[in-house]
Each structure stands twice: as C-alpha cells, then as structure tokens.
Amino acid sequence: MHGMISKPPETAKNIATSRVVLLLLVVMTGIAPISLYMLVPALPVLATNFGSDISIAQMTVSLYMVGIALSQLIMGPLSDRFGRRPVLLGGLALMVAASVGCIFAQTLPQLIAARFFQALGGAAGMVVSRAIIRDIYERDRVASMISLVVAALMIGQMVSPLTGGLIETAFGWRAIFYAITIAAIIVAIGIAVALPETRRTRAAGSGFRGDVGMLIRNRAFVGYVMCQVLASQIIFTFAGGGPYIVVTQMGRTSAEYGAWFATTGFAYLVGNLLCVRFAPRHSLEKLIWLGLGLQLCGSLLNLLWSFTGWNEAPAWLFGTQMIVMAGNAFVMANSAAGAISIRPEAAGTASGAMGFLQQGIGALMSQFGAYLGGHSATTLPLTSAVLAISLLCACMMIFVVPRREVVVSEELIERAEEEEGGMM
C-alpha cells in the first residue's frame with residue numbers, strides 16, 4: 001500500500017485558492033469545445049465558398065469531435081508521465097499551428113485536416129484540467145470544483161455560436177480562426193506565467209501500463225467511470241433525437257427547438273451550481289445518489305407522459321427533461337471526482353480514459369437517438385432509451401462501486417502509513 005497515494009506538492013496547496021488558477025482552469029477546459037461551436041454558424045458559408053455539399057462541411061465538426069476524443073486518450077497519460085505544464089503548452093502550441101493552418105486553408109479537405117489537429121491540441125486542456133483539480137484539491141472538494149469549472153464553461157458554450165456568427169457576418173469565416181488563434185496564445189501565456197507544475201510525485205517504477213492495470217482492476221474506478229459515461233449518454237441520446245421529435249413530429253421550427261433545448265442546458269447549469277454549494281457539506285456518494293434519483297424520476301415521468309401523449313407538446317417533454325439534466329449534473333461531476341480520486345498520481349490517465357469513452361460512445365448514441373427520433377411517430381422510443389440509460393447508470397452504483405466503508409480513502413491510507421512507520 002505504501003507509495004500508492006502521494007501528498008500534493010506544496011505549490012499545489014498554495015494555488016488552490018488562486019482566482020487566476022481557477023480562471024485558467026475554466027479557459028483551458030473551454031477553449032476546445034468553444035472553438036467547436038464558434039464555427040457551427042459558418043458551416044453553410046463554408047459549403048458555399050468551397051463549392052461542396054453541406055455534409056462535407058459538417059466534417060469540420062464531426063472530425064473535430066474525433067480529435068477531442070483521441071486527445072483525451074493521449075494527453076492524459078502524457079501529463080502523468082511528463083507533467084501537466086509541458087503537455088498543456090505542447091497541446092496549445094499544436095492548436096495555434098493548426099489554427100493558422102485553418103486561416104490559410106485553400107480547400108475544404110485542408111480545413112478539415114487542420115480542424116482535426118486543432119482539436120487534438122486544444123482538448124489537452126479538457127483532460128489535464130480535471131487532473132490539475134485532483135492535484136490541488138482534496139477529494140471532497142474535487143466535485144465542487146469540477147462543477148464550478150463546468151458551470152462557467154456552459155455559459156461560454158451558450159454564447160460561442162452567437163459570437164462565431166457575429167464574427168463571420170462582420171469579417172468572414174477566416175476571422176473566426178484568427179480569434180481562436182489569439183485566444184490559444186493568450187491561454188498558453190497565462191499557463192506559462194501563472195500555473196506551476198502540480199503533478200504528484202510518482203512511485204518508483206510506476207508507468208502507463210501499471211497505472212492502467214491498477215485502474216481497470218479497481219471496481220470503484222470502473223463503477224465511477226461507467227456511471228459518469230452513461231450519465232453523459234443521456235445528453236447525447238436526447239440531443240440526437242430531440243430535433244426530429246420537435247421539428248418532424250411536433251411540426252415546430254428549428255429555431256423553436258433551439259430555444260427549448262437551451263432550457264435543458266440551463267437546467268444542467270443550475271445543477272452544477274447546486275453541486276458547488278452542496279459538495280463541501282456532503283460526500284460525493286450521497287450527491288451521486290441525489291442525482292441518480294432526479295434522473296430516474298425525470299425519466300419515469302417523461303415515459304409516463306409518452307404513454308399519455310402529453311409530451312407531444314414541447315413544454316411537457318423539455319420541462320421534465322430539465323429534471324433529468326439537473327440530476328445529470330450531480331452524477332457527472334461527482335462520479336468524475338470519484339474516478340480520478342482512486343489513484344491521484346494517475347489522475348491524467350483516469351481523466352483521459354473517461355473523456356475518451358464519453359466522446360466515443362457519445363458519437364454512437366447521438367446517431368442512435370437520431371434514429372429513434374426520426375423513425376417513430378411518438379416520443380416513446382426516445383424516452384424509453386433515456387430511462388434505460390438512467391437505470392444502467394444507477395446499476396453501476398448499486399452493483400459495481402463498493403460501499404463507502406470498503407473504499408479505502410486517502411486519509412485512511414496515510415493514517416495506516418503513519419502507524420506502520422511508528423511500528424518500524
């Protein structure tokens with residue numbers, strides 16, 4: 001047991017209350033997803049300018065998401081081995097170079113390729129930020145800090161499509177990449193100046209293979225990761241099927257769908273803010289169960305409305321889904337905190353594996369949700385799928401994650417090591 005948990009470096013304790021570091025965590029987490037959404041309003045313009053079909057222009061988004069998924073699988077283990085700062089700065093350097101490539105792209109395939117590398121570099125901040133949070137905060141504060149960062153990120157993501165649209169209208173689509181390049185350079189300078197290295201001291205002989213082996217053999221890690229990943233699939237599935245239900249089944253406009261879907265994002269934001277408030281006073285396990293309860297109640301109600309036909313109106317469908325999303329915020333933040341706390345010196349590897357599964361499976365579940373919404377005459381298939389995922393999510397906590405009393409905490413490990421040292 002000795003050497004499995006190392007104490008955070010002294011610099012980590014000193015920066016835990018720094019507002020500058022908190023701001024850096026937000027911007028390094030958000031630069032990749034915000035860059036994704038900024039380009040979305042310009043897709044029709046890209047298709048026109050390059051003389052291509054809109055489905056080809058869409059690849060600047062779909063391959064960008066592939067880049068995000070692969071980045072998390074790569075950057076997390078690298079940050080455990082070489083440190084958080086070098087990986088962050090290297091990732092942002094790649095993002096800057098790729099963004100310059102986007103500016104000077106002369107064909108759509110060139111732009112698509114540059115976007116892939118832009119995501120590959122920029123998404124380093126998404127995975128490494130969670131590892132840094134685990135480095136500098138105690139286990140019981142990790143969930144609240146993740147929620148705070150996500151809450152700030154949600155606000156940024158809500159305004160990024162509008163920002164991208166305004167930039168494109170005023171200056172053209174290439175100006176979007178000028179803005180992204182400048183933002184990436186500013187974030188890199190901030191990290192170089194204000195963020196010290198936070199990686200924990202690793203035990204002698206430990207490495208990627210050892211970290212992965214220990215993590216996948218740990219029931220608690222597997223349970224927390226699957227709980228977090230399954231909770232995220234509720235978002236992907238509903239987002240995939242929602243447009244078809246509202247526009248095709250209900251006969252509403254795409255603009256109205258966008259307005260209704262924003263309500264679920266608002267509920268998720270509120271859930272994260274509540275998690276920030278409750279996390280310091282309650283264990284992450286209790287908060288996960290609170291979130292699971294809200295997810296299940298909202299899913300059951302939506303299924304009931306499907307049988308009665310009430311949620312053929314958007315207010316019923318999205319009103320109940322807001323309950324699901326508020327609970328979803330509790331589940332995702334706290335299960336992520338639990339997963340990266342199993343082996344803190346391998347927090348990057350744990351965060352990367354979780355992010356890769358979330359994005360990779362999410363791409364499939366989004367297509368699945370679109371199939372359910374587009375090939376049915378009622379909301380029943382989609383609401384049934386959301387309930388099934390909610391039940392699977394709860395099963396992870398019931399049957400996979402050990403009870404709290406059998407999960408060894410850092411405090412107990414450190415106490416045991418102290419007693420062992422006294423006996424020697």
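Numbers here are sequence positions counted from 1. Just so it is clear, the values below take in all heavy atoms, side chains as well, and ignore hydrogens, waters and symmetry mates.
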Taking atom [atom1] as the centre, does [X] end up with more than 12 heavy-atom neighbours from other residues, nucleotides or ligands that are less than 6.0 angstrom away?
X: Tyr244; atom1: OH; result: no
X: Arg219; atom1: CZ; result: yes
X: Tyr268; atom1: OH; result: yes
X: Phe50; atom1: CZ; result: yes

Where do [X] and [Y] come nearest, in terms of heavy atoms and distance?
X: Trp289; Y: Ile398; answer: CH2-CG1, 3.4 Å
X: Leu73; Y: Pro77; answer: O-CD, 3.2 Å
X: Ala385; Y: Phe368; answer: CB-CE2, 4.1 Å
X: Leu294; Y: Ile323; answer: O-CG2, 3.7 Å
X: Gln359; Y: Ala69; answer: CB-CB, 3.6 Å
X: Gly271; Y: Ala329; answer: C-CB, 3.6 Å

*Decide yes or no on side-chain contact (heavy atoms from CB on, under 4.5 Å) for Ser147 and Leu273, but give the supporting numbers first.*
CA-CA 7 Å; Ser147 295; Leu273 293 175; over 6 Å; no
If we ignore hydrogens and angles and just use 3.5 Å, is the side chain of [X] paired with the main-chain N or O of [Y] as donor and acceptor?
X: Gln358; Y: Leu230; answer: no
X: Ser129; Y: Leu25; answer: no
X: Tyr64; Y: Ala32; answer: yes
X: Arg85; Y: Ala192; answer: yes
X: Thr264; Y: Phe261; answer: yes
X: Ser351; Y: Ala347; answer: no
X: His282; Y: Phe278; answer: no
X: Ser71; Y: Gly67; answer: no

For the atom pair [atom1] ([X]) and [atom2] ([Y]), what is the distance rounded to the nearest 0.5 Å?
X: Arg84; Y: Ser79; atom1: CZ; atom2: OG; result: 4.0 Å
X: Asn328; Y: Gln233; atom1: CG; atom2: CD; result: 10.0 Å
X: Asn302; Y: Leu382; atom1: CG; atom2: CG; result: 8.5 Å
X: Ile34; Y: Ile180; atom1: CD1; atom2: CD1; result: 10.0 Å
X: Met365; Y: Ile361; atom1: CE; atom2: CD1; result: 9.0 Å
X: Leu111; Y: Phe104; atom1: CG; atom2: CZ; result: 13.5 Å

- prompt: Between Thr320 and Asn311, does a side-chain contact (heavy atoms from CB on, under 4.5 Å) hold up when you go through it step by step?
  reply: CA-CA 9 Å; Thr320 314; Asn311 65 5; over 6 Å; no
Is the closest side-chain heavy-atom distance between [X] and [Y] below 4.5 Å?
X: Leu22; Y: Val149; answer: yes
X: Leu195; Y: Leu88; answer: yes
X: Val100; Y: Thr181; answer: yes
X: Thr237; Y: Ser366; answer: no
X: Leu39; Y: Glu168; answer: no
X: Val61; Y: Tyr37; answer: no
X: Glu285; Y: Asn334; answer: no
X: Ile191; Y: Met28; answer: yes

request  = Take Val331 and Gln228 through the side-chain contact (heavy atoms from CB on, under 4.5 Å) test and state the conclusion after the steps.
outcome  = CA-CA 7 Å; Val331 177; Gln228 199 270 355; over 6 Å; no
Item to complete: Give a yes-or-no answer on whether the side chains of Gln118 and Ser99 include a donor-acceptor pair shorter than 3.5 Å.
Response: yes
Just by distance, with hydrogens left out, do Gln110 and Arg115 show a side-chain donor and acceptor under 3.5 Å apart?
no
Take Phe356 and Ile74 through the test side-chain contact (heavy atoms from CB on, under 4.5 Å) and record every step on the way to the result.
CA-CA 9 Å; Phe356 175 76; Ile74 297 168; over 6 Å; no
Can you name the one residue among [options] that meets side chain to side chain contact (heavy atoms under 4.5 Å, CB included) with [X]?
X: Gln295; options: Leu290, Ile234, Val386; value: Ile234
X: Met354; options: Met332, Gln72, Arg130; value: Arg130
X: Phe330; options: Leu287, Leu284, Asn272, Leu292; value: Leu287

Quiz prompt | Trp260 and Phe318 aromatic ring geometry - parallel, tilted or perpendicular at 30°/60° bounds | solution = parallel
#### Entry: Electrostatic pair Asp135:Arg199 at N-O distance under 4.0 angstrom
no
